[in-house]
Amino acid sequence: IAPDIVEMSIGIESTNKIVSESVKTVSIDHEKLISILLNKGIQENEIKTTRYTINPQYKYTKDGSELTGYKVSHYSSFTYREIDKIGDLIDTISYGPKSIGDNLRINSINFSIENPEIFESKLRENAIIDAKNKANEIAQFANVILGNPVYISENSPINFTKQIYESDIGIARMAAAPSTEISSGQLTLSFNVNMGFSIVK
């Protein structure tokens, strides 16, 4: 199935000798990010902070350690429904006059299906047909005849995602029109059922 939504995790990081300067830089860039996302049609209630950290940075030498600054990180996740415009979104936040630039971190890109339950009934039907066929084949090999099912259970996820890591994002840079190319591919939906049959002969 072709995915119809993408869930992205984007971070902003800044390191400075003064912690307040790092906090300020990250705050300004975060406001830029939110503004871009809202302008791209992303709903504000679907943007959330997933991690915010302030960590001291040290330089280690043979004489010990020396504090070199503070790294502030602010990671956010959001849902984007315009699959074919992901590359344009990344371009907008990564370079240009209103971009985040060098402080940008793309943590993950997850392609998914917003309403996988609409496929659940057909998947369940196919899984049960498959289970019956396999059971009958086993019975034929064992020279027995199957009766009615004595139990049926299912254990299947209803959320299907495909993740693309930062290292897999293809960035094609051209002088006239630089762009980021993101391929969503397809998702494989699976459904598992377990069935037990009585043996009548």
Residues 17-32 vs side-chain hydrogen bond (donor to acceptor under 3.5 Å, both in side chains), sequence neighbours excluded, gives Asp29-Asn103
*Ser94/Leu104 under side-chain contact (heavy atoms from CB on, under 4.5 Å): CA gap, chis, key distance, verdict*: CA-CA 7 Å; Ser94 61; Leu104 175 67; 3.7 Å; yes
Minimal heavy-atom distance between Thr68 and Tyr58, with the atoms involved, is OG1-N, 3.9 Å
Interatomic distance, OG@Ser99 vs CG@Leu33, rounded to 0.5 Å, equals 11.0 Å
Is the count of non-hydrogen atoms from other residues, nucleotides or ligands lying under 6.0 Å from Asp130 atom CG greater than 12? yes
Here the side-chain hydrogen bond (donor to acceptor under 3.5 Å, both in side chains) pairs for residues 47-57, sequence neighbours left out, are Thr49-His74
Taking every heavy atom of Tyr70 against every heavy atom of Pro56, the minimum-distance pair comes out as CD2-CA, 3.8 Å
Residues Val26, Val23; criterion side-chain contact (heavy atoms from CB on, under 4.5 Å); working and verdict = CA-CA 5 Å; Val26 169; Val23 170; over 6 Å; no
| task | Find out whether Lys132 and Phe197 are in side-chain contact, i.e. whether some heavy atom of one side chain is under 4.5 Å from a heavy atom of the other. | result | yes
**Asked** Step by step, would you call Ile128 with Arg124 a side-chain contact (heavy atoms from CB on, under 4.5 Å)?
**Response** CA-CA 6 Å; Ile128 290 177; Arg124 182 182 287 110; 4.1 Å; yes
### Query
Does a side-chain heavy-atom distance below 4.5 Å link Leu146 with Asn136?
yes
*For the residue pair Glu7 and Tyr80, confirm or rule out a side-chain donor-acceptor distance under 3.5 Å.*
no
| query | Judged by atom type as modelled, is there a donor-acceptor pair below 3.5 Å linking the side chain of Asn115 to the main-chain atoms of Glu117? | reply | no
To the nearest 0.5 Å, atom CG of Asp4 lies from atom OG of Ser112 at 7.5 Å
dist Leu38:CG -> Ile47:CD1 (nearest 0.5 Å) comes out at 5.0 Å
Electrostatic pair Glu46:Arg81 at N-O distance under 4.0 angstrom:
yes
Worksheet item: Can you find a heavy atom in the side chain of Ile42 that is under 4.5 Å from one in the side chain of Thr79?
Response: no
Note: Ala131 and Val193 closest approach over all heavy atoms is CB-CG2, 4.1 Å
Given the rule that I, L, V, M, F, W and Y join up when any side-chain heavy atoms are under 4.5 Å apart, are Ile18 and Leu67 in one cluster?
no
Hydrophobic cluster membership, with links at side-chain heavy-atom distances under 4.5 Å among I/L/V/M/F/W/Y: are Ile83 and Ile36 in one? yes
The reported gap from CG in Leu189 to CG in Leu123 (rounded to nearest 0.5 angstrom) is 5.5 Å
Report, as yes or no, whether the 6.0 Å neighbourhood of atom CG on Asn143 holds more than 12 heavy atoms from other residues, nucleotides or ligands. no
Between Asp88 and the options Ile90, Ile86, Thr92, the side-chain contact (heavy atoms from CB on, under 4.5 Å) test singles out Thr92
(message) In this structure, would Met195 and Ile145 fall into the same cluster of hydrophobic residues linked by side-chain contacts under 4.5 Å?
(response) no
Between the CE atom in Met8 and the CG atom in Leu89, the distance rounded to the nearest 0.5 Å is 5.5 Å
Review point. When you measure from the side chain of Asn39 to the backbone N and O of Ser35, does any donor-acceptor pair fall under 3.5 Å?
Key: yes
(request) Evaluate side-chain contact (heavy atoms from CB on, under 4.5 Å) for Thr61 paired with Ser65, printing each intermediate quantity in order. (result) CA-CA 6 Å; Thr61 66; Ser65 61; over 6 Å; no
_If hydrophobic clusters are built from ILVMFWY residues whose side chains come within less than 4.5 Å, do Ile1 and Ile118 share one?_
yes
Exercise for the section: Dump the intermediate steps for side chain to side chain donor-acceptor pair (under 3.5 Å) on Tyr75 and Glu13, then the final yes or no. Expected result: CA-CA 9 Å; Tyr75 278 79; Glu13 293 185 351; 3.0 Å; yes
Output for pair (Ile113 CD1, Leu187 CG), nearest 0.5 Å, gives 5.0 Å
